[in-house]
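Heavy-atom basis, side chains included; hydrogens, waters and symmetry copies ignored.
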Amino acid sequence: EWTGREGPRHLKEVKMPILRKGDHVWLDNTQGGEFELPIGAVVRFSDTGQIQLVDDEGEEHWVSSKNAGKVKSMHLTSVEGVEDMIHLGDLHEAGILHNLLLRYNSKLIYTYTGSILVAINPYQLLPIYDAEYIQRYRDKKIGEESPHIFAIADNAYYFMKRG
């Protein structure tokens, strides 16, 4: 990156982040397209001057030290995923989509954003709509149990009765 001062000897060098095998990162491989976003990745190999990453879609990427600015460490909440996205340390579009992907892959199709319930269609039947689940969410505040449509329904019913 050129600072604009008198010639190329004033170039700012972007340092390669210190990463170890297994570290989670954001890889910004975007080309400036309207719908492109950084993607989550895991460090497979890290050595002087180059890093091998495997992204959320299973694609391999090699990043050299000259492209070090494309790799940023991922916040722990984005690595593990959260039930309520208000608690994400990486609160940006890529972080939100990554969190939803983690939860979807774990068959956790419901996620909160505050009191808003985000649902991802699993395209399969899940055993999460029986009487046991109804009882589990009865008379509970949103957030006391894991995200579910029954939590929203019970909360709405409670406030409707109050009146």
Side-chain angles (χ1 to χ4, degrees), residues 1-129 142-143 145-152 155:
E1 193 178 341
W2 187 39
T3 63
R5 288 184 247 136
E6 24 167 302
R9 64 187 174 137
H10 294 289
L11 292 177
K12 274 198 303 189
E13 185 178 329
V14 178
K15 300 279 187 208
M16 181 67 89
I18 299 172
L19 298 169
R20 296 180 309 263
K21 181 178 179 178
D23 284 350
H24 292 258
V25 297
W26 293 110
L27 173 62
D28 188 354
N29 237 4
T30 59
Q31 304 294 316
E34 183 179 1
F35 299 109
E36 291 182 318
L37 295 171
I39 190 166
V42 178
V43 176
R44 181 180 279 174
F45 173 82
S46 181
D47 197 5
T48 308
Q50 59 183 356
I51 301 171
Q52 182 187 22
L53 305 171
V54 178
D55 70 25
D56 287 341
E57 297 173 351
E59 305 269 331
E60 288 187 6
H61 304 269
W62 284 92
V63 180
S64 66
S65 57
K66 73 176 187 166
N67 292 321
K70 293 184 173 201
V71 178
K72 295 191 176 25
S73 292
M74 188 180 283
H75 192 272
L76 183 61
T77 56
S78 292
V79 173
E80 297 173 351
V82 293
E83 290 185 342
D84 188 337
M85 292 190 285
I86 286 177
H87 301 293
L88 279 175
D90 296 316
L91 190 54
H92 47 64
E93 190 173 357
I96 289 168
L97 292 173
H98 179 75
N99 188 68
L100 292 173
L101 176 68
L102 289 175
R103 293 184 56 76
Y104 177 83
N105 287 340
S106 299
K107 297 194 184 319
L108 300 169
I109 63 167
Y110 295 116
T111 307
Y112 289 128
T113 300
S115 62
I116 299 167
L117 183 69
V118 178
I120 305 289
N121 188 340
Y123 297 101
Q124 61 182 302
L125 293 176
L126 297 177
I128 59 173
Y129 301 107
I142 291 176
E145 291 285 340
S146 58
H148 198 286
I149 190 67
F150 291 161
I152 300 296
N155 197 263

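Closest non-hydrogen pair, Ser78 versus Asp90, comes out as OG-OD2, 2.9 Å. Minimum heavy-atom separation, Ile18 to Asp23: O-OD2, 4.4 Å. Contact detail for Pro38 and Ala94: the closest heavy-atom pair is O-CB, 3.5 Å. Scanning both residues, Met85 and Leu100, for their nearest heavy atoms gives CE-CD2, 4.0 Å. Across all non-hydrogen atoms, the minimal contact from Val82 to Thr111 is O-CG2, 4.0 Å. Closest approach of Ala41 to Asp56, counting heavy atoms only: N-OD1, 4.3 Å.
Between His61 and Leu27, some side-chain heavy-atom pair lies under the 4.5 Å cut-off. Residues Trp26 and His98 form a side-chain contact, since some pair of their non-hydrogen atoms from C-beta on lies under 4.5 Å apart.
If you take CD1 on Ile86 and CD on Glu83, they are separated by 13.0 Å, rounding to the nearest 0.5 Å. Rounded to the nearest 0.5 Å, atoms CZ (Arg103) and CD1 (Ile120) are 10.0 Å apart. Rounding to the nearest 0.5 Å places NE2 of His87 at 11.0 Å from CG of Asn99. One finds the CD1 atom of Ile51 at 13.0 Å from the NZ atom of Lys70 (value rounded to the nearest 0.5 Å). For the atom pair OG (Ser115) and CG (Asp84), the distance works out to 9.0 Å, reported to the nearest 0.5 Å.
By the side-chain contact (heavy atoms from CB on, under 4.5 Å) test, Lys21 pairs with no residue at all, sequence neighbours left out. By the ring pair (Phe, Tyr, Trp, His ring centres under 6.0 Å) test, Tyr112 is found to be paired with no residue, residues two or more places apart in sequence or in another chain being considered. Under the rule for a salt bridge (Lys or Arg N to Asp or Glu O under 4.0 Å), the partners of Glu60 that lie at least two apart in sequence or sit in another chain are Arg44.
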- CA sep, side-chain torsions, deciding dist, call: Leu53, Val42, side-chain contact (heavy atoms from CB on, under 4.5 Å): CA-CA 5 Å; Leu53 305 171; Val42 178; over 6 Å; no
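At least one donor-acceptor pair closer than 3.5 Å links the side chain of His148 to the backbone N or O of Ile128. Distance alone, capped at 3.5 Å, is enough to place a donor-acceptor pair between the Lys72 side chain and the Gly69 backbone. Distance alone, capped at 3.5 Å, places no donor-acceptor pair between the Arg20 side chain and the Ser46 backbone. Not a single donor-acceptor pair under 3.5 Å links the side chain of Asp55 to the backbone N or O of Gly40. Between the side chain of Gln31 and the backbone N or O of Asn29, at least one donor-acceptor pair lies under 3.5 Å.
Within 6.0 Å of CG on Leu125 lie no more than 12 heavy atoms contributed by other residues, nucleotides or ligands.
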